[in-house]
Peer 1: 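Pasting in a structure now, in structure tokens, and then I'll have a few things to ask.
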Amino acid sequence: MTELRSNKIITGIERAGIRAHMNAIGLVEKELRQPFIGVVNSWNEMHPGHKHLREIAQEVKNGIRMAGGVPFEFNTIAICDGIAQGHVGMCYVLPSREIITDSIEVTVEAQQLDGLVFIASCDKIIPGMLMALGRLDLPSLMVTGGPMLAGKCDGKDMAVYEIRETSANMGKGKISPEKLKEQEEGISPTVGSCAMMGTANTMACVAEALGLTIPGCATTPAVYSRKLREAKASGILAVEMVNRDITPSKIVKRESFENALTVAMAIGGSTNTAIHLPAIASEFAIHITADDIERVSKGTPYIVNVKPSGQYTLADLDLEGGIPAVIEELGEKYLHLDVRTVNNKTWRDNLPKVTMPQGARKVIATCNRPIHKEGSLAVLKGNLATEGALVKQSAVDPAMFYHQGPARVFDSQEETIEAMMQGKVNEGDVVVIRYEGPKGGPGMREMLAATATLVGLGLGNSTALITDGRFSGATRGPCVGHVAPEAAVGGPIACLEDGDMVTIDIAKRTLSVDLSEEEMTSRLKNVQPKPCKVDSKYLRRYSNLVESVWKGAILKEKF
């Protein structure tokens, strides 16, 4: 074992004051010679994904003490995307990822911890913690908080995105207030991340596929006792990793990121994967590009039939073996099975330990008979998106893989929803929502309120939507996001006008408008910069520093 970092703060006569502080918090002499393990908890009381994390943290700490370490729990922020949907709060969600990463670095380096266990459940928090894990490169692993159990409505399993579509139906008089209230009270029955393959659970699966959680962790429901045992085992493992000097950089290689991207495509992962994986990889000095995402997705079968693209929930996937079962099905034809994981074993070594369910599988298809022959995401390019644009093709009706229609242009999500509800968007249109990118939003809001309204109004199979903003993992239908360059930096989307003919061709991977280069250039000369939509010091700083979505929307280091 290498010398403990914590020795810097407790060894020597000049550190008597620090040792006095340790006495003040109850440490005894023996503990000063043990590894100091940070337990990074994103618990808070305001959303279901993180409300239960205190109990998980306690089991992590129990495991650390069992293994001879000293746990120190501290917190970072956690915003619930579901609560931030459809209003100004969503401007803060993606920018919160950078605060999470930086706040962890500040705490860990200031207090010279030896190892870390990260605990999180939801959309930006898992990626922010994984970024910190890579940046700090201390012996570390993650415990994901687990999905909630599905809600039951009319005898069917449901996830929260479905109630957003229901509320749009009520606006058209298609559903009663009583039925909406019934869904409100039944659709989210437990704590945990939403019971679908949204961004939260996608990123939990990505963390596991990267080898940074113990196998099986991602899909264990939040309310299962197995989650507590995983937490305790992770605390024990953290101390072992310190003793053996096993750091993330010794585990995670480029092949690990290719595995994570492949798994994300196979499970129908969220479009936000395309933001977060490049950002996480950058902290490991690894570059993931739009072309990498397209290459991997095009070569990966989509095999997991989980909401919102599919039929089942995360608990159903867990019953069939979770991510280890998905990895076993993909096998060495699609994955690098000899990369290491936090338990110091390769995926090849881990797989024989997986207990597979008996009988026929209903959630995980075979690679020979996949749900779709390609992965969940497709990267489109063209004169509207020279850097790229993104669509969750697994959630698009095949009839809408090609769509051409007149643009209906809006400069915010709110304008768009108002027009939809007033009947001003017609079948066949291409709804354009711009100035919602990382700089222009600012913060690249999710357009879930708009896409749910589109589907709820019955336009999901006839009307397309493109935006320089992004989508929730719950989004389905012909919705193209991440259009870059974004409008706020003078991207081509800024020159669109009502009536311009826009063509989306998912099979050919193109997004274009029927305008000449000369006409587009002429229009762009007349585009006036728009001020920051939100009066916020932090968001103005963020808008000035944030890079393109295709660089992971990370912040510039050099000015």
Side-chain angles (χ1 to χ4, degrees), residues 271 274 290 294 377-393 395-413 415-420 423-437 440-441 444 447 450-451 453-455 457-471 475-527 549-550:
T271 52
E294 168 60 20
L377 305 183
V379 177
L380 315 183
K381 292 188 177 181
N383 66 352
L384 271 180
T386 54
E387 289 182 26
L390 195 70
V391 63
K392 191 172 184 178
Q393 63 176 346
V396 179
D397 188 315
M400 290 293 288
F401 266 46
Y402 178 90
H403 180 76
Q404 185 178 65
R408 290 284 289 115
V409 183
F410 305 94
D411 287 350
S412 73
Q413 178 173 226
E415 292 176 30
T416 309
I417 294 171
E418 182 179 358
M420 287 180 184
K424 295 180 180 179
V425 171
N426 303 310
E427 291 187 3
D429 286 347
V430 176
V431 176
V432 179
I433 311 178
R434 62 191 180 188
Y435 296 101
E436 291 285 8
M444 201 179 187
M447 301 291 105
T451 59
T453 302
L454 191 77
V455 172
L457 293 174
L459 298 172
N461 291 325
S462 63
T463 305
L465 186 152
I466 69 170
T467 180
D468 55 7
R470 62 193 176 90
F471 298 120
T475 295
R476 56 195 179 99
C479 301
V480 181
H482 300 210
V483 173
E486 62 174 291
V489 298
I493 193 173
C495 80
L496 287 181
E497 298 175 359
D498 283 350
D500 289 341
M501 292 302 293
V502 175
T503 301
I504 301 167
D505 192 332
I506 295 176
K508 292 185 177 179
R509 302 297 200 257
T510 58
L511 175 65
S512 60
V513 60
D514 189 15
L515 293 174
S516 68
E517 185 176 343
E518 292 76 17
E519 174 65 15
M520 293 177 74
T521 301
S522 175
R523 289 189 189 182
L524 285 170
K525 288 180 181 178
N526 296 318
V527 170
V549 62
W550 290 106

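Computed from heavy atoms alone, side chains included, the values below leave out hydrogens, waters and symmetry copies. FYI, the numbering just counts along the sequence from 1. The structure displayed is predicted, hence computed values, not measured ones.
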Peer 1: Please examine the side chains of L377 and T271, heavy atoms only from C-beta on, and report whether any two atoms are closer than 4.5 Å.
Peer 2: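 In contact.
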Peer 1: How about D468 and H482: do any of their side-chain heavy atoms sit closer than 4.5 Å?
Peer 2: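 Contact flag for D468/H482 side chains = no.
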Peer 1: What heavy-atom pair brings A389 and A385 nearest, and what distance separates the two atoms?
Peer 2: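 Nearest pair, atom of A389 first, then A385: CB-CB, 3.9 Å.
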Peer 1: Within this structure, what is the CD1-CZ distance for the pair I417 and F410, rounded to the nearest 0.5 Å?
Peer 2: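 Going from CD1 on I417 over to CZ on F410, the span is 11.0 Å.
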Peer 1: Step by step, would you call V432 with T416 a side chain to side chain contact (heavy atoms under 4.5 Å, CB included)?
Peer 2: CA-CA 8 Å; V432 179; T416 309; over 6 Å; no
Peer 1: In Å and rounded to the nearest 0.5 Å, what is the CD to CZ distance from E415 to R408?
Peer 2: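 Between atom CD of E415 and atom CZ of R408 there are 10.5 Å.
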Peer 1: State the CG-CD distance between N383 and E517, to the nearest 0.5 angstrom.
Peer 2: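 If we round to the nearest 0.5 Å, N383:CG and E517:CD are 9.0 Å apart.
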Peer 1: For R434 and L496, work out which heavy atoms get closest and say how close.
Peer 2: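 Residues R434 and L496, closest heavy atoms: NH1-O, 2.9 Å.
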Peer 1: Just so I know, are the side chains of F471 and L465 near enough to count as touching, which here means a heavy-atom distance under 4.5 Å?
Peer 2: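 With C-beta onward as the side chain, the pair touches.
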Peer 1: Report the residue from L524, N526, V409 that forms a side-chain contact (heavy atoms from CB on, under 4.5 Å) with C495.
Peer 2: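 Looking at L524, N526, V409, the match for C495 under the side-chain contact (heavy atoms from CB on, under 4.5 Å) is L524.
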Peer 1: Over all heavy atoms of both residues, which pair between A464 and M400 is shortest? Give the atoms and the distance, please.
Peer 2: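 For A464 versus M400, the nearest heavy atoms are N-CE, 4.3 Å.
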Peer 1: Could you walk me through whether T386 and K381 pass side chain to side chain contact (heavy atoms under 4.5 Å, CB included), step by step?
Peer 2: CA-CA 6 Å; T386 54; K381 292 188 177 181; over 6 Å; no
Peer 1: Under 3.5 Å, side-chain donor or acceptor atoms of residues 484-493 against the rest of the protein: list the pairs with distances, not counting sequence neighbours.
Peer 2:
from	atom 1	to	atom 2	distance (Å)
E486	OE1	K439	N	3.4
E486	OE1	G440	N	2.9
E486	OE2	K439	N	3.0

Peer 1: How long is the span from the CD atom in E427 to the CG atom in L459, to the nearest 0.5 Å?
Peer 2: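 Answer for the CD-CG pair, E427 versus L459, is 6.0 Å.
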Peer 1: Kindly give the heavy-atom pair with the smallest separation between G428 and P406, and that separation in Å.
Peer 2: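 Minimum heavy-atom contact is O-CD, 3.7 Å.
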Peer 1: Just so I know, are the side chains of V391 and V396 near enough to count as touching, which here means a heavy-atom distance under 4.5 Å?
Peer 2: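 The answer is yes; the side chains approach within 4.5 Å.
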Peer 1: Drop me the distance from D411's CG to I433's CD1, to the nearest 0.5 angstrom.
Peer 2: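 With rounding to 0.5 Å, CG (D411) is 10.5 Å from CD1 (I433).
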Peer 1: May I have the list of side-chain donor-acceptor pairs in residues 503-512 shorter than 3.5 Å, sequence neighbours left out?
Peer 2:
from	atom 1	to	atom 2	distance (Å)
T503	OG1	Q404	NE2	2.9
D505	OD1	A507	N	3.3
D505	OD1	K508	N	3.1
R509	NE	E294	OE1	3.1
R509	NE	E294	OE2	2.8
R509	NH1	I506	O	2.8
R509	NH2	E374	OE1	2.8

Peer 1: Going by salt bridge (charged side-chain N to carboxylate O under 4.0 Å, His left out), name the residues that satisfy it together with E387, two or more places apart in sequence or in a different chain.
Peer 2: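 For E387, no residue satisfies salt bridge (charged side-chain N to carboxylate O under 4.0 Å, His left out) once neighbours in sequence are set aside.
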Peer 1: Mind checking whether C479 and M447 have side chains closer than 4.5 Å, heavy atoms only?
Peer 2: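 No, every pair of side-chain atoms sits at 4.5 Å or beyond.
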Peer 1: Taking all non-hydrogen atoms of both residues, which atom of G388 and which atom of V379 are closest, and how far apart?
Peer 2: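 Closest approach of G388 to V379, heavy atoms only: CA-CG1, 4.4 Å.
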Peer 1: Before giving the answer on side chain to side chain contact (heavy atoms under 4.5 Å, CB included), spell out for H403 and V430 the whole-Å C-alpha distance, their side-chain angles and the decisive distance to 0.1 Å.
Peer 2: CA-CA 9 Å; H403 180 76; V430 176; 3.6 Å; yes
Peer 1: Count the heavy atoms of every other residue, nucleotide or ligand shown that sit under 6.0 Å from CG of D397, and state whether that count exceeds 12.
Peer 2: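 Count over threshold, so yes.
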Peer 1: Below 4.5 Å, heavy atoms only, C-beta onward: do V513 and M520 meet side chain to side chain?
Peer 2: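 Yes; the side chains approach each other to less than 4.5 Å.
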Peer 1: Find the distance between CG (L390) and CH2 (W550) and round it off to the nearest 0.5 Å.
Peer 2: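 Reported value, rounded in 0.5 Å steps: 4.5 Å.
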Peer 1: Taking R523 first and then E497, would you say they form a salt bridge - that is, a charged N and a carboxylate O separated by under 4.0 Å?
Peer 2: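 Result for this pair is yes, salt bridge flagged.
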Peer 1: List the steps and the verdict of side chain to side chain contact (heavy atoms under 4.5 Å, CB included) for T463 and V425.
Peer 2: CA-CA 9 Å; T463 305; V425 171; 4.0 Å; yes
